Structure formats: C-alpha cells, structure tokens
Amino acid sequence: MPELPEVEVVRAGLEPAVSGATVRAVDVLDERALTRHLGTGAEFEARLVGRRIRSAARRGKFLWLPLDEHGGVDEALVAHLGMSGQLLLRAPGAPRERHERIRLEVEHPHHGELSVVFADQRTFGSLAIDALVATPDGRPGGRGSDRPAVPSQVQHIARDPLDPAFSDAAFRAALARKASAVKRVLLDQTVTSGIGNIYADEALWAARIHPETPALALSSRAVTRVLGEVRVVLEKALAEGGTSFDAQYVNVNGQAGYFAHSLNAYGRTGQPCPRCGRPIVRVGFMNRSSHYCPRCQRLTAVAG
DNA sequence: GGAATAACCTGGATGC
DNA sequence: TGCATCCAGGTTATTC
C-alpha cells in the first residue's frame, strides 16, 4: 500500500521526467479518479492542457505537481494514490494499462513526449487541480518543493517525520494530550503524515510498544523511541524502494519494491518474532489489522 | 470538540 | 466449477 516511502519513490521518479514539461493532452477515462477535484472531467482536461509543470513535491502520502501561474492563479495538480493508485511513465501511444483512469500526454524540452498514466484498481486514489496556499510556518511545503506553499487540500496534513521542518516538540505534545491508542495517533495524518498500517506496525514492533497503549501513557523515552523507529523504518523502506504486495505498489516504471522482505511484524501472523521467537499475533483494529509480538510488546510495558 | 465508526471500492483468497 | 463471502486499508463524513 502506498505510504510515505512508496509515494516518495514515485515522486522521485516523476520529478526528472515532468519538471519543465508542458501538458499537451489529457484523457479522463473514469471520473471516479477525480473525487477530490471540484469540477467535471471535461473541465479538468481543459484546465490542464497547455500548462507547464514546474516540479514534483510531496507531503506525507500526498503528491503534487506545481503548475505555472495561469491568470494570476497559483495551483497544482494533486495526486493521492489511495490504496492501489499508480503513476506510471509510458511511451506516447502505449497500450492502456489495466485499471487506467487518467492519462496525460506531456512534452519535455529535453526528453520529448511522454505519457503519464494514473491507474487505480480500487479507485480510492484521485487527481485534482487545486490552489496553492501559503504554509503557516513559512517553510517549504514538502519534499521536492522549495516554495512555502501546499495545495489547499493538503493544508490539514501534518509534516512527515522525514521533513526537516517536522516539529518533534509538536508531535510529543500531541501524544501527551491524546488518550487514544498510540497506533491510532500514528495513523492520524493531522498529527504526523506518511505513516500507514504497515509502517505503524513495524515502528511499534521495533520500539517494543503495544499498538493499543494510550498515547498519553507513553514516557518521554518511549516517545523518543517511537519517533526514532518511525524514521528508521521509513528511511529503510525508502532505500529498498518501498513495500509491494501483489504488485499493488510499483514505481513509475512499474517495478516493485523490496521492503516486504524486511518486515518484522506486519503480515507475519503466526510466524516467529525475529527478536524472541514468540508467534506474531494479528488483531482487529480500526477496521483493519494490527500485527505485534505479545511478548516484546506488552500493554503494560510503556515506561522507559 | 474529540474520539470512534461506517462507507467508499475491487480483486484475490477462501469456503461451501 | 461456480457462487457467495471475507479481507485488504487511506480518507472523510457521520455518529456518539
């Protein structure tokens, strides 16, 4: 599933191909891929054709391509991959992808013509054209952006733990006032972004913290450990190209990542914990699953 | 206002 | 073999 590392791999793949490119044509095949766009497919197409893409930026799981100003309006093409979305680079005229929803034909001054394909099996992902608004802290909007702006629909999303402008103090303060389970807080994109079910389970396993521990019950050292392990697991996954299951996530060239081989808890129900050998258990949590080691991650072991 | 839950969606796995 | 059901999970609207 596309979480921060997967989205960052896509962003990094898109950046050299689309920065400076001009959109020549847009084909919306399925308007369900525009659920975050305020307008019709035809309007989306008309508004995008002729625009020049400046760069590729990301905050958490949101990706956006800032566009040259048009009529005094500063805006971007925003993408969210949802659970199964893919952004693929293809040669012009390439055959339709399975579950292809939208295709952009772009022309780059150095690389020539290229197709940018948005494919999405489960249609939880979407594209949208959205206005850019100033960041409250005046810092760059996210990775790949040197401008202090984010799309309006990304305003409420917190910075991610790999963002140089991420505030450890604000994260600590948020945990200290929430009685919810720490895993729920890690998944709350308004507290910290980019973490999904896989990396929440992995970071909590590494930090030896039970996913249902109340956030405010964590000691200062435990919070430090969680945040440190979140960063370690995200950076390691990024280095390995992300986590792929059943080809649900691929980079812009359609290639899978390798991090699934490095998972210690997620998806390993019944298999021995790599640390103590006790079988990993799976429990229902927030309409999904939590995987943890019942020996290493005890509900009472929150101090230190 | 904060927290918890349901709904959205499709395809693969599983059970009968 | 074919059909029905379950499961995966990010975001948001709704409910408590």
Side-chain angles (χ1 to χ4, degrees), chain A residues 1-8 10-11 29-38 58-64 78-87 96-102 118-128 130 150-158 160 173-204 211-217 230 234 237 242-250 256 259-260 263 265-270 280-292:
Chain A
M1 310 304 161
E3 301 180 31
L4 185 155
E6 293 77 32
V7 181
E8 175 55 26
V10 171
R11 187 206 67 79
L29 304 166
D30 188 338
E31 295 211 12
R32 288 178 302 174
L34 293 176
T35 51
R36 288 180 178 84
H37 180 72
L38 299 174
R58 178 195 59 75
R59 175 184 289 196
K61 303 168 195 171
F62 280 86
L63 185 66
W64 68 93
V78 185
H80 194 291
L81 302 180
M83 285 180 58
S84 53
Q86 301 174 341
L87 276 167
R96 293 264 184 244
E97 296 291 328
R98 199 175 180 204
H99 309 302
E100 182 168 333
R101 309 295 182 191
I102 295 175
F118 179 67
D120 189 11
Q121 179 199 103
R122 297 179 196 174
T123 68
F124 279 18
S126 67
L127 301 186
D130 190 21
V150 290
S152 70
Q153 57 189 258
V154 183
Q155 278 183 102
H156 67 293
I157 301 296
D160 59 68
L175 260 65
R177 64 173 178 264
K178 286 184 180 286
S180 300
V182 61
K183 179 169 173 181
R184 183 183 288 274
V185 179
L186 289 178
L187 294 176
D188 183 344
Q189 305 296 300
T190 66
V191 173
T192 179
S193 65
I195 304 170
N197 207 39
I198 297 173
Y199 298 118
D201 279 358
E202 288 301 302
L204 289 170
E212 294 190 43
T213 306
L216 51 69
V230 162
L234 292 178
T243 305
S244 299
F245 296 113
D246 304 328
Q248 282 296 333
Y249 155 72
V250 293
F259 192 70
L263 295 173
Y266 181 87
R268 300 190 70 248
T269 309
I280 296 290
V281 300
R282 169 185 167 275
V283 297
F285 183 79
M286 290 175 66
N287 286 333
R288 55 208 64 190
S289 299
S290 272
H291 307 78
Y292 66 96

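Predicted, not measured: the structure shown is a model, and the values here were computed from it.
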Quick one: CG on A:Leu186 to CG on A:Asn197, what's the gap to the nearest 0.5 Å? 11.0 Å
OP1 or OP2 of C:dA8 less than 4.0 angstrom from a side-chain nitrogen or oxygen of A:Ser289, does that happen here? yes
Can you tell which of B:dG12, B:dT10, C:dT11 lies closest to the side chain of A:Arg36? C:dT11
Short side-chain N/O contact to B:dG11 OP1/OP2 from A:His99, under 4.0 Å: yes
Note down the inter-axis angle between the two ends of the helix from B:dG2-C:dC16 to B:dC16-C:dG2, five pairs each, to the nearest 10°. 50°
Short N-O contact, A:Lys183 and A:Asp201, less than 4.0 angstrom: yes
Report the C-alpha separation of A:Leu204 and A:Tyr292 in whole Å, then their side-chain angles, then the decisive distance to 0.1 Å, and conclude whether the side chain to side chain contact (heavy atoms under 4.5 Å, CB included) test is met. CA-CA 8 Å; A:Leu204 289 170; A:Tyr292 66 96; over 6 Å; no
What nucleotide, of B:dG12, B:dT10, B:dC9, holds the atom closest to the side chain of A:Phe124? B:dC9
Any side-chain N or O of A:Arg32 under 4.0 Å from OP1/OP2 of B:dC8? no
Between C:dA8 and A:Arg282, is there an OP1 or OP2 to side-chain N/O distance shorter than 4.0 Å? yes
Can you tell me if the side-chain N/O atoms of A:His80 get under 4.0 Å from OP1 or OP2 in C:dT11? yes
Whether each nucleotide of nucleotides 1-6 of chain B has a protein heavy atom under 4.0 Å at its base (B), only at its sugar-phosphate (S) or at neither (-) is summarised, 5' to 3', as --SSBB
Salt bridge (charged side-chain N to carboxylate O under 4.0 Å, His left out) partners for A:Asp30, two or more places apart: A:Arg32, A:Arg101
Considering only B:dT10, B:dG12, C:dG10, which nucleotide approaches the side chain of A:Glu3 most closely? C:dG10
Is the phosphate of C:dT12, meaning OP1 or OP2, less than 4.0 Å from a side-chain N or O of A:His156? yes
